[in-house]
Number of protein chains: 2
Amino acid sequence: MAGPAPEAREQRRGGNGRSGRDPYDLSAVLDIAVAAFNDFGYEATSMGALAERLGTSKSAVYYHVSGKEDLLRLALDRALGHLEAVLTEPEATSGPADERLRFVLRGAVRVLVDDLPYVTLLLRLRGNTQVERDALERRREFDHSVATLVDEARTAGSLRSDVDARTTTRLLFGMINSIVEWYKPGGPLTSEQLADDVITVAFDGLGERSDR
Amino acid sequence: MAGPAPEAREQRRGGNGRSGRDPYDLSAVLDIAVAAFNDFGYEATSMGALAERLGTSKSAVYYHVSGKEDLLRLALDRALGHLEAVLTEPEATSGPADERLRFVLRGAVRVLVDDLPYVTLLLRLRGNTQVERDALERRREFDHSVATLVDEARTAGSLRSDVDARTTTRLLFGMINSIVEWYKPGGPLTSEQLADDVITVAFDGLGERSDR
DNA sequence: TTCAACTTACCGGGCGTTCAGTAACTCTAC
DNA sequence: GTAGAGTTACTGAACGCCCGGTAAGTTGAA
């Protein structure tokens with residue numbers, strides 16, 4: 001058998017002001033768990049494999065979290081919390097509908113990039129357990145808020161109305177959410193540039209235009 | 001224990017000209033397996049649960065297929081085969097680049113809708129096994145062919161060039177692939193109308209335009 | 001000495017898979 | 001027309017493995 005692969009030992013806290021040996025921090029465990037869930041899928045990631053990635057034993061993981069589903073819940077809560085926060089910012093609640101929509105889309109791209117693994121996990125849920133179903137419900141509520149913005153922008157004449165509003169919203173989310181499948185932080189494309197591109201393509205399309 | 005739920009018994013073959021009993025058709029087994037894989041996720045779908053959906057026993061399933069992974073392989077092969085077929089049609093190989101691109105995008109939407117569960121399964125792969133990795137490789141090749149078309153259309157001046165070509169292609173695929181997450185066949189939106197909407201939004205964008 | 005942070009050893013259960021046996025049916029010989 | 005051989009399509013009971021989770025003992029810093 002190969003020796004242990006303590007990839008994450010470097011992520012342990014230094015002095016944490018408490019007693020005991022150099023301990024794991026919960027957020028370090030969570031980061032690595034979420035990465036593993038994304039690599040293999042939540043169901044396909046065993047607690048044993050997860051412990052191996054952490055360079056510890058299964059039981060050590062159980063010292064920090066109450067179970068596998070608890071890890072999932074913590075991760076999803078973070079992703080959803082940050083997404084929902086975008087909707088409560090002032091730029092999302094006042095001003096012309098199309099400007100609010102642009103702000104929220106930019107905000108969604110920002111959260112998606114900043115919390116990439118967490119949002120990735122959220123977007124891949126199937127709804128097998130109650131934890132997953134609760135998260136899916138919160139996600140639906142977020143989507144609904146954005147759909148309302150799209151509707152308002154259409155009514156205000158800022159968006160084309162020859163394509164159904166539901167279809168519009170869904171294609172828009174499809175485009176944005178797909179980012180988790182390919183965006184690599186640290187590459188040549190910054191998150192600001194990415195947000196610009198998303199807004200440009202979404203509003204003006206891919207076609208070459210005679211005007212502007 | 002509750003009685004059997006023979007949902008799929010109706011899908012058995014009638015007289016098959018051969019000896020033996022009234023059998024299951026392999027494609028009926030596959031249809032139900034793919035539906036279950038999409039509902040729960042491939043890993044989370046046990047052969048027992050699958051057999052229950054079929055109204056049979058686990059071991060009966062093993063009479064038809066060599067294993068769980070075999071079901072996955074058959075399903076992915078179907079989805080990929082139909083997608084790849086789009087690229088070999090005459091309209092995809094000759095004519096102006098932007099028209100070929102539009103044809104392929106329409107074709108992709110058509111396959112996606114016609115083989116919805118099969119393509120859904122394909123798009124959710126994680127690459128845990130060799131079967132999955134092989135399918136992902138074939139999918140990457142398909143994506144690459146479309147990316148080449150996008151490049152040609154840009155060079156020909158039919159597509160905007162202020163957004164990076166890779167980003168363009170990825171956002172385009174993100175939009176199209178998201179269809180599997182929400183499209184319900186038999187609803188008010190036909191697949192023809194959906195393809196029209198996708199082409200419209202992709203090329204002209206969501207914004208209201210002064211021209212046309 | 002105390003207590004956080006583990007480790008080793010283990011449990012019940014469900015998983016994918018196998019296999020011997022058998023029911024249901026057709027085909028052929030007479 | 002029917003015996004019986006042959007084929008197909010299963011059934012039911014396991015198998016070994018690995019899963020998520022736990023109990024109890026150990027380590028090392030304060």
Side-chain angles (χ1 to χ4, degrees), chain A residues 1 3-4 6 8-9 11-29 32-33 36-37 40-74 128-132, chain B residues 1 3-6 8-9 11-30 32-33 36-37 40-74 128-132:
Chain A
M1 197 178 289
R9 290 268 160 182
Q11 297 191 30
R12 282 156 173 256
R13 274 203 244 161
N16 57 347
R18 302 209 270 131
S19 62
R21 289 167 288 170
D22 186 24
Y24 267 109
D25 168 299
L26 174 61
S27 84
V29 173
I32 288 172
F37 291 163
F40 308 124
Y42 172 70
E43 309 272 355
T45 305
S46 72
M47 292 298 273
L50 181 54
E52 207 172 311
R53 277 208 179 191
L54 282 158
T56 14
S57 63
K58 260 197 313 179
S59 310
V61 176
Y62 278 94
Y63 180 79
H64 295 282
V65 293
S66 71
K68 193 182 177 182
E69 210 170 10
D70 191 42
L71 281 167
L72 184 64
R73 196 178 42 74
L74 289 167
N128 290 340
T129 65
Q130 196 57 49
V131 167
E132 296 182 47
Chain B
M1 197 178 287
R9 290 266 160 183
Q11 295 191 32
R12 282 156 171 256
R13 277 202 243 159
N16 57 346
R18 301 204 268 137
S19 63
R21 286 186 290 166
D22 188 25
Y24 266 109
D25 183 315
L26 174 61
S27 85
V29 173
L30 196 55
I32 289 173
F37 291 163
F40 308 124
Y42 172 70
E43 309 273 354
T45 305
S46 73
M47 291 299 272
L50 182 54
E52 208 172 310
R53 278 208 179 191
L54 282 158
T56 359
S57 63
K58 267 200 298 182
S59 36
V61 177
Y62 278 91
Y63 180 79
H64 296 282
V65 292
S66 71
K68 195 181 176 184
E69 210 170 10
D70 191 42
L71 280 167
L72 184 63
R73 196 176 43 73
L74 289 167
N128 290 340
T129 65
Q130 196 55 49
V131 167
E132 295 181 48

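Owing to the predicted nature of the structure, the values given are computational and were not obtained by experimental measurement.
- Proximity of A:Tyr63 to the phosphate of C:dA5: a side-chain N or O atom is located under 4.0 Å from OP1 or OP2.
- Note on B:Ser57: a side-chain N or O is less than 4.0 Å away from OP1 or OP2 of D:dT11.
- Contact annotation: side chain of B:Lys58 to base of C:dT17, donor-acceptor pair present below 3.5 Å.
- Closest approach to the A:Thr56 side chain among C:dT7, C:dC19, C:dG16 is made by C:dT7 (side chain taken as heavy atoms from C-beta onward).
- For the OP1/OP2 pair of D:dC10 and a distance below 4.0 Å, the side-chain nitrogens and oxygens of B:His64 include at least one atom meeting the criterion.
- Among the heavy atoms of the strands, none lies under 4.0 Å from A:Ser66.
- Using a 4.5 Å cut-off on side-chain heavy atoms (C-beta onward), B:Glu43 and B:Asn128 make contact.
- Rounded to an integer number of Å, the gap from CE of B:Met47 to P of C:dG13 is 23 Å.
- Phosphate contact (OP1/OP2 of D:dC18, side-chain N/O of A:Ser46, threshold under 4.0 Å): absent.
- Nucleotide D:dC18 holds its P atom 15 Å from the CD atom of B:Glu43, rounded to whole Å.
- In this structure, A:Lys68 satisfies the cation-pi test against A:Tyr42, with its NZ or CZ atom closer than 6.0 Å to the six-membered ring centre and inside 45 degrees of the ring normal.
- One atom, CG of B:Leu71, and another, C1' of C:dG16, lie 12 Å apart when rounded to the nearest Å.
- One interatomic measurement links the two molecules: CG of B:Leu26 to C1' of D:dT8, which rounds to 15 Å at whole-angstrom precision.
- Distances shorter than 4.0 Å separate some side-chain N or O of A:Tyr62 from OP1 or OP2 on D:dG21.
- For a distance-only test at 3.5 Å, the side chain of A:Ser59 qualifies as a donor-acceptor partner of the base of D:dT22.
- Checked by atom type and distance alone, the side chain of A:Thr45 never pairs as donor or acceptor with a backbone atom of A:Phe40 at under 3.5 Å.
- Contact of the B:Leu26 side chain with the B:Val65 side chain is registered, since non-hydrogen atoms from C-beta on lie closer than 4.5 Å.
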